[in-house]
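Below: the structure, in structure tokens.
Since the model is a prediction, treat every value here as computed from it, not as a measurement.
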Amino acid sequence: MTHRSGVQHVTTRHTSRFTVVGNHLAQHRGLSGSARGVGVYIQSVRSGSPVGIDDLCGEFPEGATRLASALRELEAHGYLERRVVRLRRGRLRRAGLRRGRPRVPGA
């Protein structure tokens with residue numbers, strides 16, 4: 001058997017509980033590994049799932065500062081928008097919009 005250098009992929013077809021992730025996110029050289037991981041996680045959860053810093057702290061070993069930085073990176077590169085929305089009775093809440101492809105600045 002000839003051994004080649006580099007990664008060798010052993011693939012298994014997923015039939016449930018999987019998420020398709022674009023290489024534009026997974027291999028984005030401008031994003032840290034933490035931002036890529038958080039981006040993939042956010043992409044994998046259902047719409048409406050809470051993905052604030054406190055929520056992410058329950059899912060990742062990184063601390064709040066690192067996770068906040070990852071969210072800012074995703075925002076800066078157009079993968080995430082965070083908006084403040086007014087709820088009934090005047091309460092404010094932050095809501096996120098995840099993009100499968102990054103928003104092009106100026107579009």
Side-chain angles (χ1 to χ4, degrees):
M1 173 185 274
T2 303
H3 292 284
R4 297 183 293 177
S5 62
V7 67
Q8 299 297 309
H9 294 281
V10 178
T11 59
T12 302
R13 185 172 189 81
H14 295 280
T15 59
S16 64
R17 296 187 48 78
F18 66 94
T19 299
V20 176
V21 177
N23 286 341
H24 54 84
L25 173 60
Q27 299 174 4
H28 196 296
R29 291 180 182 218
L31 291 173
S32 67
S34 293
R36 294 178 200 186
V38 169
V40 169
Y41 173 77
I42 291 172
Q43 189 170 331
S44 75
V45 298
R46 292 177 184 238
S47 287
S49 295
V51 292
I53 295 167
D54 290 338
D55 305 299
L56 294 173
C57 283
E59 296 293 330
F60 290 91
E62 288 84 357
T65 302
R66 182 68 204 116
L67 293 169
S69 177
L71 290 175
R72 286 191 300 273
E73 287 181 59
L74 291 168
E75 282 182 295
H77 288 278
Y79 286 97
L80 181 67
E81 286 183 40
R82 293 187 288 176
R83 301 176 183 159
V84 176
V85 295
R86 186 173 299 279
L87 302 175
R88 293 181 186 165
R89 299 183 186 175
R91 296 186 69 194
L92 299 176
R93 189 186 98 177
R94 182 163 264 190
L97 172 65
R98 193 253 339 145
R99 297 182 181 279
R101 288 191 179 265
R103 187 186 79 223
V104 178

Over 60° means perpendicular and under 30° means parallel, so tell me whether H28 and H77 are parallel, tilted or perpendicular. perpendicular

Quick one, H24 with Y79, criterion side-chain contact (heavy atoms from CB on, under 4.5 Å). Give me CA distance, side-chain angles, the key distance, then yes/no. CA-CA 10 Å; H24 54 84; Y79 286 97; 3.1 Å; yes

Return a table of donor-acceptor pairs under 3.5 angstrom between the side chains of residues 65-72 and protein atoms on other chains or two or more places apart.
from	atom 1	to	atom 2	distance (Å)
R66	NE	S34	OG	3.2
R66	NH1	S69	OG	2.9
R66	NH2	S32	OG	2.5
R66	NH2	E73	OE2	3.3

Return a table of donor-acceptor pairs under 3.5 angstrom between the side chains of residues 50-64 and protein atoms on other chains or two or more places apart.
from	atom 1	to	atom 2	distance (Å)
D55	OD2	G52	N	2.9

Going by the salt bridge (Lys or Arg N to Asp or Glu O under 4.0 Å) test, which pairs reach into residues 17-44, not counting sequence neighbours? none

Please lay out, stage by stage, how E75 and E81 fare under the test side-chain contact (heavy atoms from CB on, under 4.5 Å). CA-CA 6 Å; E75 282 182 295; E81 286 183 40; 5.9 Å; no

side-chain contact (heavy atoms from CB on, under 4.5 Å) between T12 and H14, worked out: CA-CA 6 Å; T12 302; H14 295 280; 5.6 Å; no

Roughly how far, to the nearest 0.5 Å, is CD of Q43 from CG of L74? 10.5 Å

Reported CD1-to-CG distance for the pair I42 and L25, which is rounded to 0.5 angstrom: 9.5 Å

To which residues is V10 joined in a hydrophobic cluster, defined by side-chain heavy-atom contacts under 4.5 Å among Ile, Leu, Val, Met, Phe, Trp and Tyr, whether direct or through other members? none

Test of understanding: with side chain to side chain donor-acceptor pair (under 3.5 Å), list the residues that count as partners of Q8, not counting sequence neighbours. R4

S47: partners by side-chain contact (heavy atoms from CB on, under 4.5 Å), with sequence neighbours left out: none

